[in-house]
Amino acid sequence: LWCKFSQRLPKDAAMERAPRVSQACHDEDDDLGVCTADFGFSAGTVAEQRLRGSGSSGSSGSKAKPPGDGSKNRVLGGFAAAGKLFNTVSAAIPSGAAAAPSSSVKMKSSGVSKGPEDEGSAVSGSSSAAGAPPAPSGNRAGAVVGGVSAAAGAAVGGVSAMAEAAAGGVSAVARGLTRGAGTGVGETAADIALGICGAMFELMVVSMGVCDAEDPQKEIAGHVEGVVAARSLNDLGAVLLEYWYILRQEVFQSWVMQQQHSWVRIAYTIKYGELKKAPGPLARAMCGLLLEIEQNFRTTALTWGSSQREAWVASLHSIAETAESSPPPPGWSFPGLCIVRQTDLENEQPTFSLTRIGNNFATKIKALDVMASLKQGGRITFLRHPRCFEDHRSVRELMGSLEALTAQAGGPALFRKCTEKGDRLFNQKTKPVYLHNQASSALKCCLFSEDDRFCAVPVGGVGGTCVITLEPNLRAQLRPPGTAMNFQLKVLAPGLIERKLYFATVRRGQSVQLRSHD
């Protein structure tokens with residue numbers, strides 16, 4: 001780069017180089033700034049050659065620039081601008097430090113008032129005639145040290161303030177996540193939420209024997225954890241639908257199918273209803289749903305006594321009346337809940353209850369441990385609400401009609417949504433495809449869509465709920481998902497290479513007797 005630019009310079013200028021740039025060069029090149037002399041150029045830089053040559057001309061605009069000066073100006077301008085920034089920062093430190101103790105104090109000399117910008121020159125004294133910067137005095141050195149200390153203190157203080165603000169913001173966000181409308185201690189809405197969750201927890205525990213699962217204890221424990229984790233009535237409605245789905249259908253022999261179908265639709269209204277519009281009617285309908293499913297259980301299905309059942313029913317009626325007289329606020333949320341264990345000192349049997357988070361006088365426990373302890377003599381307690389009325393209203397009066405409830409909690413769109421989803425789930429549970437293997441060997445059964453011509457992927461996927469291998473004399477129920485009513489049944493002989501035996505068209509709710517041939 002130096003060889004390229006040196007060819008454009010006069011020979012005498014290339015041979016004579018000043019050790020530093022004079023003040024005249026600064027006045028002529030304003031774009032380079034006043035910090036060029038402080039940059040400490042060496043004797044062989046292109047910047048000095050250009051500045052010296054332009055300075056000898058007497059005026060920057062009186063002489064035409066030779067070709068290539070534009071590129072040289074851009075290069076030098078970049079160096080000079082960086083030097084200008086460095087000089088500005090360096091000069092700001094002592095002046096800011098000197099002004100930091102008292103920015104409003106002005107030094108007076110010979111009747112002339114001097115501001116903070118003139119204090120540096122007043123303290124340091126006169127500069128040398130040659131233009132070299134004077135040596136820093138003791139006052140200036142102290143100002144520099146004080147400026148650095150002040151800057152460090154300000155930086156530390158700023159970091160501390162930012163850390164405190166961040167911590168405060170995180171705390172505020174955490175409080176916002178754990179609290180909501182109607183969750184305060186002593187609020188009626190919080191007592192209603194605790195009462196409904198406690199009633200549902202107790203009903204699940206006493207119905208563990210009628211759960212249609214390979215491990216009923218683990219299955220019920222999972223749904224109990226869902227009750228504990230619910231943060232709104234919508235979450236509790238979803239848990240109620242899942243709980244109803246895992247119960248055996250034969251325990252509801254006295255429950256009329258039409259009423260059960262309506263029950264499922266109203267449960268979907270609890271799941272999808274807007275709590276900002278109708279928290280009171282939704283809470284009352286939730287109490288009615290729990291009361292109706294309990295009264296339609298078979299007599300010997302639930303493992304509790306008559307006194308415990310009567311107290312449970314009376315408490316739910318009381319909660320429903322409270323929700324009607326003192327409805328929860330719009331956007332109602334549930335407080336944080338947990339299961340706690342308390343040891344009875346008389347018989348040393350554990351007692352479990354559902355309570356708010358923050359009870360420091362009891363031990364928190366998981367739902368699966370509760371189920372295991374109940375088999376060994378443990379018991380549960382429930383926060384009973386006082387009985388308000390002697391004559392209880394019917395369950396259907398508490399629930400209300402689907403049309404009225406959806407009109408309050410969402411409108412026609414909610415009605416259509418709950419109707420469609422309720423029909424799908426009701427048909428899926430109450431109308432399974434019954435299979436009975438009457439062959440002398442194992443058979444593999446798969447369900448496919450009615451219009452599937454290839455029958456490669458079963459309904460629900462490979463290895464899903466619609467694929468099963470039945471041993472001889474065993475029965476099974478297949479509940480295909482979706483809204484379709486008709487399916488293709490493909491029967492195969494299981495093995496390394498499966499052999500197709502026959503096809504059949506089946507319908508939801510149909511019973512099929514399987515044989516080893518068509």
> Would you please say whether a donor-acceptor pair under 3.5 Å links the side chains of His223 and Glu219?
yes
> Quick one: pull up CG in Leu291 and CH2 in Trp312 and give me the separation to the nearest 0.5 Å.
5.5 Å
> Hey, can you tell me if Phe297 and Phe252 have their rings parallel, tilted or perpendicular (30° and 60° cut-offs)?
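Ring orientation of Phe297 relative to Phe252: tilted.
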> Check for a donor-acceptor pair, side chain of Asn234 on one end and backbone N or O of Ile270 on the other, with a separation under 3.5 Å.
yes
> Can you measure from CG (Leu290) to CG (Leu240) and round to the nearest 0.5 angstrom?
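One gets 6.0 Å once the value is rounded to the nearest 0.5 Å.
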> Taking only residues two or more places apart in sequence, or in another chain, which ones meet Arg248 in a side chain to side chain donor-acceptor pair (under 3.5 Å)?
none
> Using 0.5 Å steps for rounding, measure from the CD atom of Glu202 to the OG atom of Ser353.
11.0 Å
> Would you please say whether a donor-acceptor pair under 3.5 Å links the side chains of Gln217 and Lys375?
yes
> One thing to verify: whether Arg265 and Asp423 come together as a salt bridge, which I'm taking to mean a side-chain N less than 4.0 angstrom from a carboxylate O.
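Here Asp423 pairs with Arg265 in a salt bridge, since their nearest N and O are under 4.0 Å apart.
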> Please report the interatomic distance CG(Leu368) to CD1(Ile220), rounded to the nearest 0.5 Å.
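Answer rounded to 0.5 Å: 12.0 Å.
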> Strictly distance-based, threshold 3.5 Å: is any side-chain N or O of Glu187 a donor or acceptor partner for the main-chain N or O of Gly184?
yes
> Taking only residues two or more places apart in sequence or in another chain, which ones pass side chain to side chain contact (heavy atoms under 4.5 Å, CB included) with Lys366?
Glu225, Asp369
> Should we say atom CD of Glu250 is surrounded by more than 12 heavy atoms from elsewhere, each under 6.0 Å from it?
yes
> With a 3.5 Å distance limit and no angle check, can you tell me whether Asn437 reaches the backbone of Glu471 through a side-chain donor-acceptor pair?
yes
> For residues 474-499, which residue pairs pass the salt bridge (charged side-chain N to carboxylate O under 4.0 Å, His left out) check, not counting sequence neighbours?
Lys444-Glu498
> If the threshold is 4.0 Å, N to carboxylate O, is there a salt bridge linking Arg309 and Glu294?
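A salt bridge is present here (some side-chain N lies under 4.0 Å from a carboxylate O).
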> With no hydrogens and no angle check, is any side-chain donor or acceptor of Ser326 less than 3.5 Å from a backbone partner on Ala323?
no
> Can you list the residues that meet the salt bridge (Lys or Arg N to Asp or Glu O under 4.0 Å) rule with Arg396, with sequence neighbours excluded?
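Scan of Arg396 (salt bridge (Lys or Arg N to Asp or Glu O under 4.0 Å), adjacent residues dropped) gives Glu292.
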> Kindly state each residue pair satisfying salt bridge (charged side-chain N to carboxylate O under 4.0 Å, His left out) with at least one member in residues 272-291, sequence neighbours excluded.
Glu274-Lys277
> As an exercise, state the distance from CD1 of Ile319 to OG1 of Thr188, rounded to the nearest 0.5 Å.
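Taking CD1 in Ile319 and OG1 in Thr188, the distance rounds to 12.0 Å.
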> Roughly how far apart are Thr483 OG1 and Glu420 CD, rounded to 0.5 Å?
9.5 Å
> Keeping Arg508 on the side-chain end and Pro480 on the backbone end, is there a donor-acceptor pair under 3.5 Å?
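Here the side-chain-to-backbone pair exists.
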> Strictly by salt bridge (charged side-chain N to carboxylate O under 4.0 Å, His left out), give each pair with a member in residues 399-419 just once, sequence neighbours left out.
none
> Quick one: does any side-chain atom of Ser401 pair with a main-chain N or O of Ala404 as donor and acceptor, under 3.5 Å?
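Between the backbone of Ala404 and the side chain of Ser401 there is a qualifying donor-acceptor contact (under 3.5 Å).
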> Kindly assign one of parallel, tilted or perpendicular to the pair Tyr272 and Tyr268, based on the angle between their ring planes and the thresholds 30° and 60°.
parallel
